[in-house]
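Note on naming: letters A, B, ... go to the chains in the order of the sequence lines (proteins, then strands), and numbering restarts at 1 for each one. Note that the structure is predicted; figures quoted are calculated from it, not measured.
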Amino acid sequence: MELSKNYIPGEVETKWYKHWVDNGYFHSEPNEKKAYTVVIPPPNVTGVLHMGHCLNNTIQDILVRRARMQGFNPCWVPGTDHASIATEAKVVAMLRERGIAKSSLSRDEFLGYAWEWKEKYGGIILQQLRKMGCSLDWERTSFTMDPAYYESVIKVFVDLYNKGKIYRGKRMINWDVRAKTALSDEEVIHKEVNGKIYHLKYKLDVPGEEYITIATVRPETILGDSAICVHPDDARYTHLVGKFAFVPLINRRIPIIADDYVEIEFGTGALKVTPAHDMNDFQLGQKYNLEIIDTMNDDGTMSEAAQLYIGQDRIEVRKPIIKDLEAAGNLVKIEDYVHQVGFSERTDAIVEPRLSLQWWVDMKQLAAPALDVVMSDEISFHPAKFKNVYRHWMENIKDWCISRQLWWGHRIPAWYDEDGKVYVEASIEKVNEKYPETKGKTLTQDSDCLDTWFSSWLWPIEVFKGMSNPGNAEINYYYPTSTLVTAPEIIFFWVARMIMAGEEYMGKIPFKDVYFTGIVRDKQGRKMSKSLGNSPDLLGLIDQYGADAVRFGIMIASPAGNDLLFDDSTIEQGKNFNNKLWNATKLLKMWEARQNNEGAIPEDAAFAMDWFQAKLSATQIQVDEMLKTFRLSEALKTIYGLFWDDYCSWYLEWIKPGFEQPIHQGVYERTLEFYDALLQLLHPFMPFITEEIHHTLKTQSEDLCIKAYTAPTHVDESVLKAGELLQNVISTLRDARNKNQIKPKDTIELHIQTELDAPYKTIQNILAKQVNAASIKYTTAAIGSSIVVALEKDKFYIVADQAIDTVSLKENLLKDLAHQQGFLVSVDKKLGNEKFVQNAKPEVLAIEQKKKADALARIQTIEESLAQL
RNA sequence: GGGAGCAUAGCUCAGUUGGUUUAGAGCACCUCGUUUACACCGAGGGGGUCCGCGGUUCGAACCCGUGUGCUCCCA
């Protein structure tokens, strides 16, 4: 079979993905094996794959594929989230394009369009995960609005309501004026904004005093002012407390009050109080029983209550109101001011604090057990630093606003009678059943939906029907799940709440380990975003480089616990690695065609095999340890080095037969086994090419993807040391050849002066081949007119046709000598220190003494070599 | 304003309880090289006052204090 010059990923990847799925390798059913369960963080149903998903799902696939090869029964559940605000916004936009206004539709008509949209575009992201090679159990695909899931969400709402953990209350909430809905605190993004601070004077209702000046960044809200507040200790204003002032332009008379909430140093020390439009002002309003004047409509325009600018957007009103204030003589000055402004995570609209009647979850009780399981490491966070972040949030937790003024989502199961009395049950029939007095009355269901996260917090439970069919065989087998892989950004939105739901409804943690990925940034460290346009086209990259190369590139650049700075160059590196793997395969295929099995395995090849076996086993153990502790990037680097350097650059060169010579069958077969073991190690990271090569090497009875790992053998440390010595000698001699400008094809004669020649004799064939020596001889005396190189206690004499450059030779030796002497000084300093000798552990002392002896020996060797020049 | 974290080679990072030959890797860089797996390659090489300052210790990249710079989370 003729293999292509370079590896071509496209068809290979399509072929193997289909093969794996057709054979049901990714499907799991409960069995006698141990489960390894992972639930995907469900992407938005309308989403398309981006770099964050790529990182996140590659990591999950690595863990899952590894578990499969380790003999677990892995189950990785795919699915999507209905994403209420995001999806509703997209559907509204789509309808607008078609000339349909949401307000012209009934709820049912709108939901019809929304479902239509979901069916059409909802699956795209799941298709894209297939391209990446993700070994998801497609038969278990879930959606947070599947009928049973929907019912479970409602069931949880009713249950928490009955337990008194859900209540309805009028509070200040974050209002998204674009989506016209409430938001939870977590959905508000605070950004620094360059704004202005306006100093405005209010006329006083005090004889002899003209004005009091306040400072505000939001002049448009003065129309809702109901007081002015100063600090009780502020001497400038004490005489005004209890008096009144007039709101400019509308001349409303408002009281001047005192409270130590006010910062004396800030602005003018006098604060205007607008209880309807500021969280803190609202608190003050409650405390002093101030009037709440809501001057804003739900779309952010000024309301009737504002009296002026009615119907104009509150942000746009800022210009005219300042003009009018200036004209009226109320404007004192305007200064530049940088401050924090809240934006909606979903629509990017400036969020308005607003007083509103909403549904809330009482978080205090739910948080306590969820905090314990993390602090006690029953659930382990990786990296552990997120424990602190988690604790801080959980200890200062606020109630969760769960109602959203949207239609796409789980509708709140609350009904109101004509008197406004509320009944919470799963359906109107159940309301009638439980409250017979409601029969015949007109009941109206709450029109709001639940926050998306109120459904996703059940994800690890309900994908196994643990809520709709409690105690079924699957939930018992798969729950708790093993590892959750997610972005740190949703630690509060999702991770914390899943732990709460797990404790509340299963009485158990939902997962053992949580691995927080980094955030994908561009080369300059900026977060990837649509608006910056710095997000690469993932599918384009896969088409260009292949999924394996993309997976390699993103993983090699992802240090555990850090953000990853994405750059094409690591994907390029991945592609080069593919080719390296491919070329090694080509070499083995050439050898396959030319084997013999006469006689015993040559001594040098036997040494090479023993050495690589030891190296392989040592690395297998190392990689295992790294993966256990979620150091995935390091594990990949280690495997990369094992293949490229140890296997290709050293081992294959050591066993390589001479020109047109056959290879011993025993060596060939062992070499093939080594390669397959390497492919096993690499498979979780780069599944496609490894499966392809596994089958290219020879006819296999089993696919790599489900093949059990070969266990490491005992690691022979002395063989590892011997290999290291060989590598050292080779590198040193090659360096000497280079520096003396001996051309690679020119042969040399090598003479070794050593007290112990046995170790060299085992490896001398390899050594001769690697440094292109025509002969290797052992000597007890110096060899004249040669290049001399000192290594450890031994000396190597290179005899070549080349003229010897004594000057540079001497230079090198002197440089080495200086280094060794410097080193000796530092060791001597330590050993000469009485306190060190007294206090250091015996083994440390022994090491220092050995260092000294070695240094002395080397200095002697170098000095002897210098003397011979 | 409150909290968390980071600072090691040009870049991205390792460096396990302080002692493992006067600090390691990958990429980038420099020199040489198309001998039949691979130039998407091979061989070799250069490159660091471990952010500054002080302290603890026989001994500090590592522990403590402090300064500076950066990042993130919360309000």
K.L.:
Looking at B:G2, B:U21, B:A37, which one has an atom nearest to any side-chain atom of A:His392?
P.N.:
B:G2
K.L.:
Within the structure shown, what part of the strands sits under 4.0 Å from A:Glu395 by heavy-atom distance: base, sugar-phosphate, or nothing?
P.N.:
nothing
K.L.:
Roughly how many Å apart are B:U16 and B:A75, using the P atom of each and rounding to a whole number?
P.N.:
36 Å
K.L.:
Could you list the protein-to-nucleotides 41-44 of chain B atom pairs, N/O on both sides, closer than 3.5 Å?
P.N.:
{"residue": "B:C41", "atom": "O3'", "partner": "A:Lys580", "partner atom": "NZ", "Å": "3.4"}
{"residue": "B:G42", "atom": "OP1", "partner": "A:Lys580", "partner atom": "NZ", "Å": "3.0"}
{"residue": "B:G42", "atom": "OP1", "partner": "A:Trp644", "partner atom": "NE1", "Å": "2.5"}
{"residue": "B:A43", "atom": "O3'", "partner": "A:Arg734", "partner atom": "NH1", "Å": "3.2"}
{"residue": "B:G44", "atom": "OP1", "partner": "A:Ser731", "partner atom": "OG", "Å": "3.0"}
{"residue": "B:G44", "atom": "O4'", "partner": "A:Asn738", "partner atom": "ND2", "Å": "3.3"}
{"residue": "B:G44", "atom": "O2'", "partner": "A:Asp735", "partner atom": "OD1", "Å": "2.9"}

K.L.:
Between A:Glu572 and A:Lys385, just flag the one whose closest nucleotide in RNA chain B comes earlier from the 5' side.
P.N.:
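Result of the comparison: A:Lys385.
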K.L.:
List the protein contact pattern of nucleotides 22-27 of chain B with one symbol per nucleotide (5' to 3'): B for base contact, S for sugar-phosphate-only contact, - for none; contact means a heavy-atom distance under 4.0 Å.
P.N.:
B---SS
K.L.:
On the 0 to 90° scale, with breaks at 30° and 60°, tag the A:Phe577-A:Tyr640 ring pair as parallel, tilted or perpendicular.
P.N.:
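Geometry flag for A:Tyr640 against A:Phe577: perpendicular rings.
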K.L.:
If you measure only the distance, is there a donor-acceptor pair under 3.5 Å linking the side chains of A:Tyr651 and A:Asp646?
P.N.:
no
K.L.:
Taking atom types as they are modelled, is there a donor-acceptor pair under 3.5 Å from the base of B:U57 to the side chain of A:Lys835?
P.N.:
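It does not, because no donor-acceptor pair links the side chain of A:Lys835 to the base of B:U57 below 3.5 Å.
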K.L.:
Quick one: on RNA chain B, does A:Lys575 or A:Glu660 contact a more 5' nucleotide (nearest heavy atom)?
P.N.:
A:Glu660
K.L.:
Give me, pair by pair, the N or O atoms of the protein and of nucleotides 14-20 of chain B that are less than 3.5 Å apart, along with how far apart they are.
P.N.:
{"residue": "B:A14", "atom": "O2'", "partner": "A:Glu634", "partner atom": "OE1", "Å": "3.3"}

K.L.:
A:Tyr647 and ring pair (Phe, Tyr, Trp, His ring centres under 6.0 Å): which single residue from A:Trp644, A:Trp650, A:Phe643 fits?
P.N.:
A:Phe643
K.L.:
Would A:Trp591 and A:Tyr668 satisfy ring-ring contact (aromatic ring centres under 6.0 Å, His included), going step by step from the backbone distance to the final call?
P.N.:
CA-CA 7 Å; A:Trp591 290 352; A:Tyr668 175 75; 7.4 Å; no
K.L.:
Taking A:Asp399 first and then A:Lys364, would you say they form a salt bridge - that is, a charged N and a carboxylate O separated by under 4.0 Å?
P.N.:
no
K.L.:
Step by step, would you call A:Arg218 with A:Glu352 a salt bridge (charged side-chain N to carboxylate O under 4.0 Å, His left out)?
P.N.:
CA-CA 12 Å; A:Arg218 302 207 58 186; A:Glu352 292 294 340; 2.8 Å; yes
K.L.:
Ring centres of A:Phe630 and A:His382 under 6.0 Å apart?
P.N.:
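Ring centres of A:His382 and A:Phe630 closer than 6.0 Å.
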K.L.:
Tell me whether the centres of the aromatic rings in A:Phe516 and A:Phe386 are closer together than 6.0 Å.
P.N.:
yes
K.L.:
Can you tell me, in whole Å, how much space there is between the C1' of B:C50 and that of B:A23?
P.N.:
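Pairwise C1' distance, B:C50 against B:A23, rounds to 8 Å.
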K.L.:
Using a 4.0 Å heavy-atom cut-off across all strands, classify A:Asn833 as base, sugar-phosphate, or nothing.
P.N.:
sugar-phosphate
K.L.:
Which part of the nucleic acid does A:Lys743 contact within heavy-atom distance under 4.0 Å: base, sugar-phosphate only, or nothing?
P.N.:
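A:Lys743: no heavy atom of the nucleic acid under 4.0 Å.
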